[in-house]
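What follows is one structure encoded as structure tokens, with my remarks underneath.
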Amino acid sequence: MTPLLSVDGLTLKTGDKTLVSDLSFSLGAGERMGLIGESGSGKSLTAMAVTGLLPKSIVPAGSILLDGQQVVGTLERTLNGLRGSSVAVVFQEPLTALDPLMKIGTQVAGPLGRRLAREGKSPPRREVDREVLQFLDHVALPQPERIANSYPHEISGGQRQRVAIAMALACKPKLLIADEPTTALDVTTQAEILKLLDSLVRELGMALLFISHDLPVVATVVDRVTVLRNGRAVEEGPVKAVFDQPRHDYTKTLVEAARSFDNALEGTA
Amino acid sequence: MSAADELTPAVVTAARKPRWSPTFTIGLILVGIHVAIALLTLFWTPYDPTSTTGGRLEPPSFIHWAGTDRLGRDFFTQIMIGSRIALIVGAGAVAIGAAIGVTIGLLAAFATRFLDDALAATLDILIAFPTLLLAMLVVAASEGASLWSAILALGIAMSAIVARLTRILAKRVLQNDYITASRTSGTSWPGVVVRHVLPNIWPTLSVNFALQFGIAVIAESSLSYLGLGAPPPNASWGRLLQEAQGTVYTAPIGAIAPGIALVTLVIGINLLADGLRDIGDPTRRISR
Ligand SMILES: Nc1ncnc2c1ncn2[C@@H]1O[C@H](COP(=O)(O)OP(=O)(O)OP(=O)(O)O)[C@@H](O)[C@H]1O
Ligand SMILES: [Mg+2]
């Protein structure tokens with residue numbers, strides 16, 4: 001069976017600077033993989049390359065097969081058909097990922113309406129609104145009616161991220177890319193959002209590409225990881241193996257950093 | 001605002017009622033008066049605007065509220081008709097300027113680098129091009145000077161300014177994360193324009209439209225003066241003002257009345273636009 005996503009020899013360049021080089025990985029339907037690496041290692045760019053939304057100045061080479069469709073060098077119109085149905089993304093910054101002038105309900109209704117249209121349904125407005133509330137409820141937002149009627153600046157950061165997740169889920173994509181979805185949140189909220197993502201992805205049977213610089217965070221939601229450094233994959237394997245016996249020096253420092261942080265926490269507790 | 005209101009979270013009150021600022025109310029009243037007068041002149045005016053109904057340059061009285069003009073015609077009637085002309089000129093020019101300007105501005109914002117640079121340069125040249133010269137060209141190209149040739153000329157001149165503003169505003173909006181986020185869920189480019197770009201540039205654009213409305217009303221009077229605007233008997237305020245130049249000491253009402261009319265309309269439109277922007281922008285609504 002062909003995997004849902006297979007990235008093969010992906011190289012991203014801007015001018016003569018190489019940002020990602022020769023990256024390969026694949027992800028089957030329903031699988032969960034983590035992409036970890038420090039800031040600036042090319043994680044977000046890889047995610048954007050998969051959706052075909054790289055900035056114009058960045059040129060991709062190699063191959064990205066998503067849901068049987070080549071993404072690199074493909075026409076915009078074809079790619080737009082993939083977005084939402086094959087892939088959806090939850091971004092790092094929950095504040096800026098929502099349109100400040102649009103009510104939450106209307107924002108969620110957008111991708112939801114497109115999915116319903118894709119499925120050949122054109123339910124009346126009231127029906128769509130009801131489903132919007134269901135999705136908001138699904139991501140454990142309190143008082144969905146009130147939230148649906150609010151603007152982004154009227155709700156908290158954690159609530160915004162839940163909204164962003166609801167929007168991605170409303171697409172019912174085959175692959176969900178979560179690009180550091182919890183980095184901007186406090187630790188408690190972080191844990192809640194992770195748990196939510198984990199259970200929803202499982203429930204809906206989506207594949208998950210989870211991007212983070214935080215090894216312990218990744219370890220809680222994925223089965224496999226790829227470690228990225230300066231645009232190169234330095235290590236790949238099951239979470240446990242990478243965690244317990246890191247082969248690459250860079251991964252070792254990541255693991256040690258995480259351990260010492262944990263130890264420090266236990267020490268003070 | 002009562003004490004109980006203050007205890008309610010901002011979210012709840014804001015969601016319930018968009019604020020009507022006093023600014024907006026005053027703007028609405030001023031513009032409303034002019035619109036009402038303009039509509040009224042379609043059916044009724046105190047006197048026939050073209051016939052002599054009194055002596056020359058009479059001062060204001062109960063019979064002629066704003067006195068009479070050089071030919072003994074009722075001046076108040078002419079001011080009233082001026083409202084209609086001003087509204088037609090302002091609205092017409094803004095409509096043309098907005099339609100052409102926003103379209104070109106959006107195209108430039110989405111265009112390739114090369115086309116965008118070419119459009120931006122063209123717009124800069126157009127903006128530097130005197131409106132007067134443009135108006136003369138339009139008059140020459142059409143059957144002759146009329147209210148419509150003036151409106152067309154003003155609208156075209158305005159479109160360059162609107163296009164440049166739209167281009168800059170749209171480019172800024174397009175850089176936002178929520179555009180990328182929306183695109184990843186499959187929003188097409190036209191969808192992005194309708195859902196995100198237009199609503200987000202509208203608050204700034206609308207204020208500019210109000211400004212341009214006032215400028216168009218004033219510019220039309222200059223055109224009339226040079227014979228490039230509405231010919232008599234449908235004189236605009238600007239023409240009345242200029243006709244009053246020679247008699248401003250003997251009959252000051254000739255300058256005061258159209259002046260007040262012009263100022264109240266232009267201020268009214270601007271206050272209205274400010275108010276509309278506040279209502280259209282939820283972040284402003286809260287921060288008050
Ligand atoms: N539009 C762009 N043009 C040129 N270079 C870019 C552009 N966007 C990102 N880069 C560069 O590409 C590299 C990888 O960026 P990327 O955003 O993928 O990092 P990241 O791994 O997601 O980091 P973080 O954890 O901070 O989000 C960085 O060195 C960055 O400077
Ligand atoms: Mg990133």
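Side chains included, hydrogens not; waters and symmetry mates left out as well; all remaining heavy atoms used. The shown structure was predicted, so the numbers you read here are calculated from the model rather than taken from an experiment. Below, chain A is the first sequence line, B the second, and so on; all start at residue 1.
Of the residues listed (Pro173(A), Ser85(A), Cys171(A)), the one engaging Ser185(B) in a side-chain contact (heavy atoms from CB on, under 4.5 Å) is Cys171(A), and it is the only one.
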Verdict with reasoning, Met48(A) to Thr180(B), per side-chain contact (heavy atoms from CB on, under 4.5 Å): CA-CA 9 Å; Met48(A) 294 324 284; Thr180(B) 316; 3.2 Å; yes

May I have the step-by-step check of side-chain contact (heavy atoms from CB on, under 4.5 Å) for Asn80(A) and Arg183(B), ending in yes or no? CA-CA 8 Å; Asn80(A) 206 47; Arg183(B) 302 260 292 128; 3.9 Å; yes

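Counting all heavy atoms, side chain and backbone alike, Tyr178(B) lies closest to Pro100(A) at CE2-CD, 3.3 Å. Contact between Thr184(B) and Arg83(A) at its shortest, heavy atoms only, is O-CB, 3.3 Å. In terms of heavy atoms, Asp99(A) sits closest to Arg195(B) at OD2-O, 3.9 Å.
With a threshold of 4.5 angstrom between heavy atoms, Thr187(B) approaches chain A through its backbone and through its side chain. Using a 4.5 Å cut-off between heavy atoms, Leu101(A) contacts chain B through both its backbone and its side chain.
Top candidate by heavy-atom pairs under 4.5 Å with chain B, chosen from Val89(A), Leu82(A), Val87(A), Thr51(A), is Val89(A). The candidate from Glu76(A), Met167(A), Lys56(A), Glu93(A) with the greatest count of non-hydrogen atom pairs under 4.5 Å with chain B is Glu76(A). For the options Pro55(A), Gly84(A), Ala88(A), heavy-atom pairs under 4.5 Å to chain B are most numerous at Gly84(A).
Enclosure of atom CZ in Arg118(A) by more than 12 non-hydrogen atoms of other residues, nucleotides or ligands within 6.0 angstrom is indicated.
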